[in-house]
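Report on the following structure.
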Amino acid sequence: MRVNKSLIPTLKEEPSDAEVTSHKLMIRAGLIRQLSAGIYTFLPFGWRAMLKAINIIRQEMNAIGGQELLMPSLNPTELWHETGRDQDMKDILFSIKDRDFLLAPTHEEIISDVARREIRSFRELPQIWYQIQTKFRYEPRPRFGLLRCREFIMKDSYTLCATQEQLDELYNLHEYAYRRIFTRCGLKYVVVGASSGMMGGSGSQEFMVPSEAGEDRTAFCEKCGYAANTEIAQGILEPFEPAEIMGKKKVHTPNLRTVEEVSEFLKIPRAQMLKSLLYVAEKDDLPVMILIRGDQQLNEEKLVQYLKSPIRPAHPEEVQQWLGAPAGFIGPVNAPDSIKILADKSYPVDVPFATGANEKDYHIIGYTLSETKVDDTGDFRIINEGEKCVECGNPLKVRVTIEIGHIFKLGTKYSESMGALFQDSEGAQKPIIMGSYGIGVGRILSSAIELFADESGIVWPITIAPFEVIITALDITNDKIKEVAEKLYNKLLSEGMDVLLDDRDERAGVKFKDADLWGIPIRITVGKLTAEDKVEVVLRRDTANRMAVDIEMAVAKVKELRLMLYNEIESSAKKIEVKNLSKK
RNA sequence: CGGGGCGUGGCGCAGUUUGGUAGCGCACAUGGUUUGGGACCAUGGGGUCGGAGGUUCAAAUCCUCUCGCCCCGACCA
């Protein structure tokens with residue numbers, strides 16, 4: 001491809017509406033343009049990088065036996081009604097006005113529909129079906145360029161199995177494929193335990209790239225390798241030194257509603273306060289009170305997981321109506337039976353606590369959890385950096401990360417509700433055991449840029465770079481320079497390389513700045529050195545190290561560097577192995 | 001959806017407080033001089049000031065409504 005007459009528009013100035021590095025650079029380097037919030041056009045440069053990543057994904061999915069197919073984005077709403085997700089996911093669904101269709105945010109329903117029509121016997125299982133396709137989600141807040149979009153390209157695959165063992169096997173194969181994909185894309189990442197959220201199912205892991213531009217927080221242990229999204233991460237909390245509380249009594253606490261205010265007033269440590277929060281499980285409209293140690297925070301995701309329902313904080317009127325007191329003065333003691341009470345295990349059962357009295361301007365002290373009505377105890381807490389690892393006791397670290405992939409063991413949630421059944425060897429009808437696995441392709445690009453960019457622009461891993469080599473022909477009006485550049489360009493093309501020829505009639509500075517911005521791994525500069533029959537070869541990641549190379553040797557040199565860049569990446573991909581089931 | 005901010009040539013911004021009929025830099029066009037790290041000079045083209053309504057002799061500027069975008073919070077690949 002030649003730069004002259006091509007659509008690769010670069011910007012000198014930072015776009016005003018971009019916040020993070022990858023977003024700024026994608027706009028500046030001419031990879032993408034925004035059409036609307038969270039909706040982007042991929043310009044030729046951006047699309048080339050996408051295609052490179054897609055190609056790697058396709059190769060690795062095929063390698064584990066995946067069969068590529070393509071399902072429609074337009075889905076009959078009726079199909080989504082079968083699983084109830086037309087309601088459960090209505091906040092993020094794009095629905096078609098005046099027609100009973102929606103734009104698919106994911107494809108469990110469609111896969112299940114295909115399966116129930118086509119799969120009859122255990123002999124046809126297992127299956128891996130995947131597609132690479134545009135998804136639509138009405139994200140309440142699109143952000144950070146391709147990191148969070150309303151329309152985005154996803155690789156989604158689905159496994160159909162007859163047994164749990166098959167599911168475990170295909171799940172592990174996906175983990176293996178994902179490791180290879182992200183490694184081959186040149187990314188640094190960690191695999192962490194994750195919540196399965198609204199997808200349902202028994203287990204899941206996320207692939208996380210450490211980056212300040214991320215929207216997830218991952219807790220991990222440097223000693224034993226424990227790693228989990230803070231949505232589900234567990235840690236061991238230091239016990240606190242309780243103040244002595246004699247007897248049970250009600251105390252007047254006028255206008256003191258926060259944990260801090262009451263703890264200061266009563267001279268009781270914050271940790272000894274029993275924080276009482278009222279939520280509503282939206283599925284059954286069930287009021288739920290959560291009790292948690294006063295210095296800790298509720299992890300709403302853990303609560304959602306436990307209740308298996310979306311939740312919302314109770315409205316102030318509801319709190320007043322159900323407990324007879326405003327928020328800030330509520331507690332478990334004397335709460336009506338209609339309210340489900342859940343205690344976080346962070347509060348010891350035998351230590352007297354202080355909490356709301358369910359009466360305005362009053363708290364009560366001296367009760368213990370062992371004598372309070374509690375329906376269940378569990379882990380509902382957000383962990384903090386420095387807490388001890390549950391596996392080995394080492395202090396945990398918490399880092400911001402970008403989620404680039406997620407794998408789920410779904411189980412039979414969709415096959416049961418949609419009647420995707422198979423006949424086992426004994427002739428019994430059973431629901432197909434499913435798994436689902438996603439990769440955000442755009443996020444691969446964003447992550448790579450976040451990881452490797454420098455002050456001058458993007459630095460692509462060669463495997464996903466829009467081009468492998470750029471020839472910067474300075475002073476294209478000089479016949480010799482033009483001739484050498486053209487010759488090299490055609491030679492490299494015939495060697496099968498992705499080459500970009502900057503043949504614009506621009507000053508050297510402009511071309512160098514653009515080349516840096518684009519981040520193409522290998523650059524050949526054809527300029528004044530042609531007088532000595534030489535060109536200059538540099539790596540984008542190390543522009544200080546310029547190599548003067550004889551023109552006849554230039555192609556060989558580029559081949560050598562290119563091979564080296566690929567080998568760096570491929571050699572680490574080769575080390576990846578399928579997790580052996582029998583070992584664990 | 002709650003809170004905050006911003007909409008002015010393609011891009012980045014000033015002008016709005018105190019109404020007087022739109023300006024700067026980049027980009028673009030033409031000519032000339034330059035030519036290995038975003039050149040310089042001259043000339044030129046391009047804007048319903050997000051949209052609608054209102055106040056006024058007069059609105060980018062004041063008022064009302066509305067749309068869009070960005071940021072902070074709850075969701076996800």
Side-chain angles (χ1 to χ4, degrees), chain A residues 9-20 23 27-28 30 33-39 57 88-89 91-92 105-106 132-157 178 182 194-199 204 206-209 214-216 229 231 279 298-301 303-304 310-313 402-408 436-447 456-457 472-478 481 505-517 523 525-531 535-536 538 543 546:
Chain A
T10 55
L11 266 40
K12 278 192 203 171
E13 289 177 278
E14 289 194 343
S16 64
D17 52 4
E19 198 71 12
V20 300
H23 188 195
I27 306 259
R28 287 228 291 135
R33 287 292 183 264
Q34 180 170 346
L35 180 65
S36 177
I39 304 178
I57 292 170
D88 292 350
M89 293 181 83
D91 289 347
I92 67 155
T106 174
I132 298 164
Q133 180 229 34
T134 302
K135 298 282 184 274
F136 301 87
R137 294 184 187 175
Y138 188 83
E139 292 293 343
R141 193 147 107 72
R143 230 183 308 210
F144 303 155
L146 296 189
L147 283 176
R148 181 178 212 73
C149 295
R150 287 184 171 161
E151 176 177 331
F152 62 98
I153 294 177
M154 175 161 132
K155 187 289 301 180
D156 47 324
S157 47
Y178 276 34
F182 298 133
S195 147
S196 24
M198 288 303 295
M199 303 293 285
S204 83
E206 288 167 329
F207 293 74
M208 294 289 202
V209 174
E215 298 186 280
D216 285 275
N229 195 309
E231 288 173 350
Y279 275 75
L298 170 69
N299 184 330
E300 294 192 353
E301 181 60 30
L303 184 58
V304 168
I311 56 169
R312 62 170 172 83
I402 299 170
E403 181 189 351
I404 49 174
H406 200 160
I407 57 181
F408 296 91
S436 102
Y437 316 83
I439 291 178
V441 184
R443 283 186 181 177
I444 291 179
L445 306 195
S446 298
S447 301
S456 306
T472 305
L474 305 180
D475 192 9
I476 200 79
T477 59
N478 176 312
I481 289 177
D505 184 11
E506 286 285 355
R507 294 167 63 86
V510 173
K511 297 189 185 185
F512 287 138
K513 289 287 183 190
D514 277 346
D516 287 348
L517 189 55
R523 185 179 88 204
T525 307
V526 184
K528 63 186 179 193
L529 291 185
T530 45
V535 292
E536 190 177 88
V538 293
T543 41
R546 304 177 181 183

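Only heavy atoms go into these numbers, but all of them, side chains included; no hydrogens, no water, no symmetry mates. In what follows, chains carry the letters A, B, and so on, assigned in the order in which the sequence lines appear, proteins first and then strands, with residues in each chain numbered from 1. This is a predicted model, so every value here is computed, not measured.
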request  = Just name whichever nucleotide pairs with B:rC28, Watson-Crick or G-U, keeping both distances under 3.5 Å, else none.
outcome  =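 Its partner is B:rG44.
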task = Could you let me know what B:rG36 is paired to, Watson-Crick or G-U wobble, both distances under 3.5 Å, or none if it's on its own?
result =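 Answer to the pairing question: none, since B:rG36 forms no Watson-Crick or G-U pair.
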request  = Verify the contact: side-chain N or O of A:Arg141 to OP1 or OP2 of B:rC72, cut-off strictly under 4.0 Å; return yes or no.
outcome  =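 Yes.
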A:Glu139 or A:Lys511, whichever maps to the more 5' nucleotide of RNA chain B =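 This one resolves to A:Lys511.
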task = Map A:Gly442 and A:Pro15 onto RNA chain B by nearest heavy atom, then report which one ends up closer to the 5' terminus.
result =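 Comparing both residues, the 5'-ward one is A:Pro15.
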message = With the six-membered base ring of B:rA77 as reference, does the ring of A:Phe152 sit under 5.5 Å away with planes under 30° apart?
response =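 Given the distance and angle limits, yes, they stack.
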message = Can you list everything that forms a salt bridge (Lys or Arg N to Asp or Glu O under 4.0 Å) with A:Glu300? Sequence neighbours excluded, please.
response =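 Residues passing salt bridge (Lys or Arg N to Asp or Glu O under 4.0 Å) with A:Glu300: none at all.
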key: Under the salt bridge (Lys or Arg N to Asp or Glu O under 4.0 Å) test, residues paired with A:Asp475 that sit two or more places apart   =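 Partners of A:Asp475 by the salt bridge (Lys or Arg N to Asp or Glu O under 4.0 Å) criterion come out as none, since no residue qualifies.
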message = For a quick test of reading the model, state the closest non-hydrogen atom pair linking A:Arg33 to A:Ile27 and the distance between them.
response =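 Of all heavy-atom pairs spanning A:Arg33 and A:Ile27, the closest is NH1-O, 2.7 Å.
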inquiry  = Between the base of B:rC76 and the side chain of A:Asp216, is one N or O donor paired with an acceptor at under 3.5 angstrom?
reply    =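 Counting by modelled atom types and ignoring angles, a donor-acceptor contact under 3.5 Å is found here.
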ask   = Ignoring hydrogens and angles, are the base of B:rG12 and the side chain of A:Glu14 linked by a donor-acceptor pair under 3.5 Å?
value =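 Under the 3.5 Å cut-off, the side chain and the base do not form any donor-acceptor pair.
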Write down the protein N/O and nucleotide N/O pairs, taken from nucleotides 6-8 of chain B, whose separation is under 3.5 Å; answer none if there are no such pairs.
none

query = Where does the angle between the aromatic ring planes of A:Phe408 and A:His406 fall among parallel (under 30°), tilted (30 to 60°) and perpendicular (over 60°)?
reply =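 Parallel: the ring planes of A:Phe408 and A:His406 meet at under 30°.
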